[in-house]
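These notes concern the structure reproduced below.
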Number of protein chains: 2
Amino acid sequence: MSPAHRSEGEITAIGRATDLLKQFRESRGSLSAAALVRRTDLPKSTVYRMVADLVRVGLLERDGDDYRPGILLFEIGEAVPRQRDLRDAAKRHLATLHQATLENVGLALLDGFEVVHLEMFRGREGPRLPQHTGGRWPAHASASGKAVLAFSGDTVEVPAVLPRFTERTIVDHAELQVELDRVRRRGVAFDRQEAIAMIVGVAAPVFGPDGAVLAAVSMSGVAGRIDTSRMDAAVRTTALTISQDLADARSVVRPVLQARRDGR
Amino acid sequence: MSPAHRSEGEITAIGRATDLLKQFRESRGSLSAAALVRRTDLPKSTVYRMVADLVRVGLLERDGDDYRPGILLFEIGEAVPRQRDLRDAAKRHLATLHQATLENVGLALLDGFEVVHLEMFRGREGPRLPQHTGGRWPAHASASGKAVLAFSGDTVEVPAVLPRFTERTIVDHAELQVELDRVRRRGVAFDRQEAIAMIVGVAAPVFGPDGAVLAAVSMSGVAGRIDTSRMDAAVRTTALTISQDLADARSVVRPVLQARRDGR
DNA sequence: GGGGCGAGTCCCGCTGAACGGGACGCGGCC
DNA sequence: GGCCGCGTCCCGTTCAGCGGGACTCGCCCC
C-alpha cells in the first residue's frame, strides 16, 4: 500500500527476518516484540509470527516477553572467514600490546566505507568507549578507517557526503585525500578527536601475504591521558608482526583450509 | 515427497535459510551452492534462489562461485548477550593467564548438553587443537563442560547415551555423577584425554553475581607437555577473578544496559 | 571428438505458506 | 472506570516461494 521506503528488506521472508535481526546489532541486550514492530514498521502480526519462527530455529532466544539474538548466531558469526583468520593471527599480539600499554587496543577491517571492529581490548580505567566488538563506524572519522583507506588504492568509493561528528571531523574530500597521503607516507593514521570529542587514537595497517591491506590495529584513549605520538611505533610494530605472522601462517594453515572444502 | 527426516528446519522459509547458514558453522571457509544442495538435500532451485536472497540481504557473501557467511552475521553474533557481557569481563584475564603460561586458554558456556567456546587464546607451539571460538563439544567429554555441569544443580538434562570419543571418555551415567561430585569438591575439573587422545585439560567455573554458574575457564595442551595438576590453581584464580569482576561491574554496567532497552 | 557429468542459470505454472487486518483479554496508569 | 499498549489468536486472501525441468558451459575420460 504505502510506498514507504522499506529499509531495504524487499518483500521476501528472508529480507524481513534479516531486518528484524539487524535491530539487535546496536541495541545491546534484548528487545520486546512491540519494540521490533516500531523499529521496522512491519505489521504487528507479521512480527509476532516471524519472531516465533526465529526462536524455533534458534536465531533468537526468548527471555520472558523480550527477545535476544541466540547463541547460534554467535556460532555462525565466528565462522565468518573475513574475520576468523585475521583474528586468529592477531589476537595474541593485540593482547600483548594491550598488556604493555594498558590502553584500548583494537582490530578493525573495512566494509564498504565503514570499519567493523573485529577485536577490542579495553583499558582498565578510562571511560568505556562506545566502540565495541562487532560495531561499525564511518571510515573517514576513525584512525583505523584512514589507515586502511590510505592503502586501498582507488578500490573504495568515497560517499558524496562525509558526515560530521565533531568540529575536527574531515568532511571535505580534498582534505581527506591530503590526509590519506600523509598516512601513506607515515605508515600510521591519527584520530585527533575527529570521531568523538576528547578521544584520540592511532592506527596502523595490517597487510596480507599478497601485500593487500586487510585491516588496521588501533589504540585509543582520552586526549591528554594518552600520548598518541609516543604510541605510533608500538602500534606499527604490532601491525607488522601480525602481517608477518599471516605470511608465515599461509603455508601452514591454508592446506588445512583447502582440505575440507566440499560437502559429503 | 520422500518423507526424509528434514533436519528440523520445518517448512518455513526462515527454517530453510537457517539450515543453509548452519552448514557454515563447522565447514570453515566457503561452500559452493552444489555443496549446499548435497548437505541439506533441498531442491536445487530452492537453494540457488535462497542463496541469492541471502547474499542480497548481506547474510552471505559471494566469492566467485562459492558462498561464505557475511560480515553482517559476525556483527549480529557479537551482539548476542549470552556471550557479550561475559567475554567483555573475561577477555583481559584470559589474556593474562595465556601470557603467563603460554598454553591454550579458553572460555566456554553450556548450551543444552554442549559447551560453546566463547573465547580462545592459542598456545604458540603445540598442535592446533580442533577447538575454535564458536565451536561446540559435548559437555561430558570436556573439562569446561564438567566444570559447569558440576555446579548447575539438576537443571541440565543428561542425554540417555553419552557418546564415546576415546577409551577414557566417561560414558556411564553413574560414573559421571561421581566425577561431578569430585569436581564440586575440588572446584576444578580435569580432562584426562577424554575428548581427544593425547590432549588433557583443566577448567574452573565462573559464577555470576547471583551465584549461578555461567561458564568455565579452561586450559589445555598435549599430555606430558602440560602439567594440569600444576595449572589448576592458575585456572581457578582466573575464573574467580572474572567472577569478582562480574559482581563489581554489575552496578556500573547494568544501568547502561537497562537504559536503552526500548525502541524509539 | 564426442559424450557423459556436474556445475550454475533461467523459466514458469501451481499452490499453500505467509500475510496482515482485526478482535480479544490482560494489566498498568491516569 | 476508562484508556492505552501489549501479547495472543483467528481467518479469508493472495502472491511469494516452490521446485521440476530445460539449457548451457567446462571438464574429464573414454
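Labels below follow one simple rule: chain letters A, B, ... track the order of the sequence lines, proteins then strands, and each chain is numbered from 1.
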Options dA7(C), dG7(D), dG8(C), nucleotide nearest the side-chain atoms of Tyr48(A)
dG7(D)
Does any donor-acceptor pair link the side chain of Lys44(B) with the base of dG8(C) at a separation under 3.5 Å?
yes
Nucleotide dA16(D), atom C1' - distance to CZ of Arg56(B) in whole Å
12 Å
Does the gap between the ring centers of Trp137(B) and Phe165(B) come in under 6.0 Å?
yes
May I ask you to say whether Glu75(A) pairs ionically with Arg136(B), meaning some side-chain N is under 4.0 Å from a carboxylate O?
yes
Heavy-atom nearest pair, Ser152(B) first then Leu110(B), reads OG-CD2, 4.4 Å
Give every pair of a protein N or O atom and an N or O atom of nucleotides 13-19 of chain C that lie under 3.5 Å apart, one pair per line with the distance.
| unit_1 | atom_1 | unit_2 | atom_2 | d |
| --- | --- | --- | --- | --- |
| dA18(C) | OP1 | Ala13(B) | N | 3.2 |
| dC19(C) | OP1 | Arg16(A) | NE | 3.1 |
| dC19(C) | OP1 | Arg16(A) | NH2 | 2.8 |
| dC19(C) | OP2 | Arg49(A) | NH1 | 2.3 |

Please report the distance, rounded to the nearest Å, between CG in Leu31(B) and C1' in dA7(C).
15 Å
To the nearest Å, give me how far apart CG (Leu20(B)) and P (dC18(D)) are.
10 Å
Look at the side chain of Arg68(B) and the backbone N and O of Gly29(B), then say whether any donor-acceptor pair between them is shorter than 3.5 Å.
no
Is there a donor-acceptor pair closer than 3.5 Å between any side-chain N or O of Thr46(A) and the backbone N or O of Leu42(A)?
no
Parallel, tilted or perpendicular: ring planes of Phe121(A) versus Phe121(B), cut at 30 and 60 degrees
tilted
Backbone N or O of Leu118(A) within a donor-acceptor pair of the Arg87(A) side chain at under 3.5 Å?
yes
Can you measure Tyr67(A) atom OH to dG7(D) atom P for me and round it to whole angstrom units?
8 Å
Residues at least two apart in sequence or cross-chain that pass side chain to side chain contact (heavy atoms under 4.5 Å, CB included) with Leu214(A), listed by chain then number, are Leu86(A), Leu246(A)
Quick one about Arg84(B) and His132(A) (side-chain donor to acceptor, distance below 3.5 Å, no hydrogens or angles considered), yes or no?
yes
Rounded to whole Å, CG of Asp65(B) lies from P of dG8(C) at a distance of 5 Å
From the options dA7(C), dT8(D), dG21(C), select the nucleotide whose nearest atom is closest to the side chain of Ser45(A).
dG21(C)
Students should find that the end-to-end axis angle of the helix from dG1(C)-dC30(D) to dC30(C)-dG1(D), with five pairs defining each axis and rounding to 10 degrees, is 30°
